[in-house]
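Everything below concerns the one structure shown next.
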Amino acid sequence: MINLGILISGRGSNMESILNFLKSGVTNVCPKVVISSKPEAEGLKKASALGIPTKIVSMELKGWDYDKELVSILQKYDVNPENGLVCLAGYMRLLSPEFVVKYKMRIMNIHPSLLPSFPGLNSQKKAYDYGVKVTGCTVHFVDEGLDSGPIIAQKQVPVLDSDTYETLSERILQQEHILYPYCIKLFSEDKLVVKGRRVIVTL
Ligand code: GAR
């Protein structure tokens, strides 16, 4: 059994798609807690509506001082490095190296571009403005860098001539909602083997 903690900062649509996916009959992943870095995050209400405990860590601390609070909540809900998975779902803070080492290869992130292109913020807009013909989304393990950890899976989204930045973002988001649950399922079934930067899926 994998105990899941989800970190959010805003809307929480990826969180919601993960929780709905787990509700639809996935029995080996147990969602334990949703933690938001912002008290006003819309996702908090969605998590509560789905019956998942929520916490807010919005204090003005930095780095490991802040992340220690996260660890203490995660551990209280039994999301530990031995049995846990921490999913970042629109979580807009960089984790400290201490946190990353503690939950090594047990932290995943979803990012709205085909990494390593367009890391950081506003990635859909950066891809649209650059004029790429194909973009997409990436789920990766989190390392100490910014959107730089080993890639688990990616989904392509074509950029249409008729696209606005908003329509493109919406189609990427639809793919995010499919890709993230798929990666969590692979992790829970022990099908992900990390070899350096490469993540091999053993089916
Ligand atoms: C998603 O598009 C996610 O990929 C992105 O924030 C959005 C959150 O939406 N994450 C990043 O840009 C991380 N670098 P959501 O709160 O509705 O899931």
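Keep in mind it's a predicted model, so treat the numbers as computed, not measured. Just follow the structure's listing: the first ligand is 1, and inside any ligand the first atom is 1. Along the sequence shown, residues carry numbers from 1.
- With sequence neighbours excluded, no residue forms a ring pair (Phe, Tyr, Trp, His ring centres under 6.0 Å) with Y77.
- With hydrogens left out, the protein atom closest to atom 3 (C) of ligand 1 is E176 OE1, 3.3 Å, a heavy atom.
- For atom 14 (N) of ligand 1, the nearest protein heavy atom (residue, atom name, distance) is H111 ND1, 3.2 Å.
- Nearest non-hydrogen protein atom to atom 7 (C) of ligand 1 is R11 NH2, 4.2 Å.
- Salt bridge status for D67 with K102: absent, with no side-chain N to carboxylate O gap under 4.0 Å.
- Scanning the protein for heavy atoms near atom 10 (N) of ligand 1, the closest one is I110 O, 3.7 Å.
- Counting protein heavy atoms only, atom 8 (C) of ligand 1 is closest to G90 CA, 3.6 Å.
- Atom 12 (O) of ligand 1 has P112 CD, 3.4 Å as its closest protein atom, hydrogens excluded (heavy atom only).
- Using a 4.0 Å cut-off between a side-chain N of Lys or Arg and a carboxylate O of Asp or Glu, K62 and D65 do not qualify as a salt bridge.
- Side-chain contact check for L95 versus Y103: every heavy-atom pair is 4.5 Å or farther apart.
- Atoms of ligand 1 lying under 4.0 Å from at least one heavy atom of M92, given by number and element, are 6 (O), 10 (N), 11 (C), 12 (O).
- In this structure, K55 places its NZ atom where only 12 or fewer heavy-atom neighbours from other residues, nucleotides or ligands lie under 6.0 Å away.
- For Q156, the CD atom counts as loosely surrounded, since its 6.0 Å shell holds 12 or fewer non-hydrogen atoms of other residues, nucleotides or ligands.
- Nearest approach of G120 to D147, heavy atoms of both residues: N-OD2, 2.8 Å.
- The shortest N/O to N/O separation between G12 and ligand 1 falls below 3.5 Å.
- Residue contacts with ligand 1 do not include E16, since none of its heavy atoms lies under 4.0 Å from the ligand.
- The distance criterion of under 3.5 Å between nitrogen or oxygen atoms is met by S13 with respect to ligand 1.
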